[in-house]
Amino acid sequence: MPTYLLVHGAWHNGRCWERLAPLLTSAGHRVLSPSLTGYGDKAHLLGPEVGLDTHVEDILKLIHEEDLTDVVLVGHSYAGLVISSVANEVPERIAQLVYLDAMVPEHGETAVDVQPITQSLIDLAARTDERWRIPPLPELPLPFGLFGVIDPQDVAWLRSMLSDHPVRCLQQPVQLDNPEADAIPRTHIHCVGIQPEGIVRRPVPATQPNGSPARIRELPTGHDCMITMPTQLAALLLEPTS
């Protein structure tokens with residue numbers, strides 16, 4: 001049975017998967033949902049030196065320490081860069097990449113290249129005393145909510161886990177130069193609820209790097225679908241890829 005390794009996005013931590021993880025576990029899978037450096041139980045490690053390379057190393061270290069193979073590597077939002085980079089390093093251990101409403105980079109790209117609106121967040125941070133950190137995005141008026149979460153209790157729970165995101169994470173380019181990673185099957189899950197202005201999603205190529213047809217699924221909800229539609233998300237993650 002594959003192991004599901006769930007990687008949270010910017011500002012979040014591993015707790016955001018608490019509604020999803022039991023659904024995958026009950027289907028017989030091992031599930032790991034670590035907090036990246038600077039978040040959750042690692043919040044005390046947040047600093048200007050934390051970057052994309054730090055978060056990639058977090059996941060690589062976990063994979064090696066737990067000797068994980070046959071991994072379904074799920075990356076939400078910013079973590080699309082993280083999972084792409086991890087797959088580049090250990091393609092033999094990855095059974096599938098899942099881009100969950102995620103940034104999907106090309107070799108040498110940064111988060112700013114993939115999602116240009118992030119440059120405005122860096123610019124805002126540059127006007128503060130702590131230029132290296134970006135506070136969580138604010139809650140927006142309905143129907144947008146907080147990362148697409150609109151239920152008041154859910155918003156309060158989500159807000160309790162959010163913390164600042166290092167600028168360096170958005171400025172470091174990915175290194176995707178290992179052709180063996182092209183063989184890994186990929187799934188793209190798009191949250192197709194109402195999107196705030198300025199958010200862009202690149203078209204998914206019709207063919208995966210391994211030559212198979214693109215595999216795209218949609219959820220009619222906001223960005224944090226693991227909070228708003230965990231049951232439906234679990235069903236998509238448990239779908240066979242062939």
Side-chain angles (χ1 to χ4, degrees), residues 7-13 16 35-39 42-43 45-59 74-88 97-141 143-149 158-159 161-177 186 188-205 222-226:
V7 187
H8 66 81
W11 301 293
H12 293 57
N13 66 43
C16 70
S35 291
L36 299 172
T37 295
Y39 301 100
K42 302 181 183 74
L45 300 175
L46 184 68
E49 73 285 351
V50 174
L52 173 62
D53 58 344
T54 313
H55 293 158
V56 172
E57 184 57 32
D58 287 341
I59 301 304
V74 181
H76 180 239
S77 197
Y78 151 78
L81 280 73
V82 178
I83 68 169
S84 296
S85 302
V86 169
N88 190 72
L97 290 171
V98 180
Y99 293 91
L100 181 57
D101 217 34
M103 299 182 185
V104 185
E106 300 289 341
H107 174 63
E109 288 189 322
T110 69
V112 173
D113 295 319
V114 182
Q115 192 64 259
I117 196 173
T118 55
Q119 182 61 52
S120 65
L121 303 177
I122 295 172
D123 294 342
L124 286 172
R127 301 174 193 167
T128 69
D129 292 336
E130 294 186 292
R131 302 162 58 93
W132 60 270
R133 63 197 299 166
I134 301 172
L137 300 181
E139 182 178 357
L140 299 174
F144 302 107
L146 184 63
F147 293 99
V149 177
L158 172 58
R159 187 179 285 115
M161 72 180 79
L162 299 179
S163 57
D164 292 357
H165 189 62
V167 165
R168 192 165 182 260
C169 295
L170 306 180
Q171 295 177 324
Q172 280 193 305
V174 296
Q175 300 300 313
L176 307 179
D177 53 2
R186 303 171 182 224
H188 301 262
I189 301 177
H190 295 161
C191 298
V192 295
I194 297 175
Q195 291 270 21
E197 186 177 352
I199 302 297
V200 297
R201 178 183 290 124
R202 288 177 170 176
V204 176
H223 186 54
D224 278 7
C225 58
M226 73 288 286

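Between Asp101 and Arg201, at least one side-chain N (NZ, or NE/NH1/NH2) sits under 4.0 Å from a carboxylate O, which counts as a salt bridge. Arg133 has no carboxylate O lying under 4.0 Å from a charged side-chain N of Glu49, or vice versa, which leaves the two without a salt bridge.
In this structure the side chain of His12 reaches within 4.5 angstrom of the side chain of Leu158, judged on heavy atoms.
Side-chain N or O atoms of His8 include one that pairs as donor or acceptor with a backbone N or O of Leu36 at under 3.5 Å. In this structure, Asn13 contributes its side chain and Ser35 its backbone to no donor-acceptor pair below 3.5 Å. Side-chain atoms of Glu57 do not come within 3.5 Å of backbone N or O of Thr54 as any donor-acceptor pair. A donor-acceptor contact shorter than 3.5 Å links the side chain of Thr128 to the backbone of Ala125. Distance alone, capped at 3.5 Å, is enough to place a donor-acceptor pair between the His55 side chain and the Thr37 backbone.
Taking the six-membered ring where the residue is Trp, Phe147 and Trp11 present tilted rings, their angle falling between 30° and 60°. Ring planes of Tyr99 and His188: parallel class, angle under 30° (limits at 30 and 60°).
The side-chain contact (heavy atoms from CB on, under 4.5 Å) test with His76 singles out one residue from Val98, Val7, Asp224, and that residue is Asp224.
A search for side chain to side chain contact (heavy atoms under 4.5 Å, CB included) contacts involving Pro196 returns Leu140, Phe144, Ile199, not counting sequence neighbours.
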Which side-chain N or O atoms in residues 116-123 pair as donor and acceptor under 3.5 Å with protein atoms at least two apart or in another chain?
residue, atom, partner, partner atom, Å
Thr118, OG1, Gln115, O, 2.7
Gln119, NE2, Asp123, OD1, 2.9
Ser120, OG, Ile117, O, 2.6

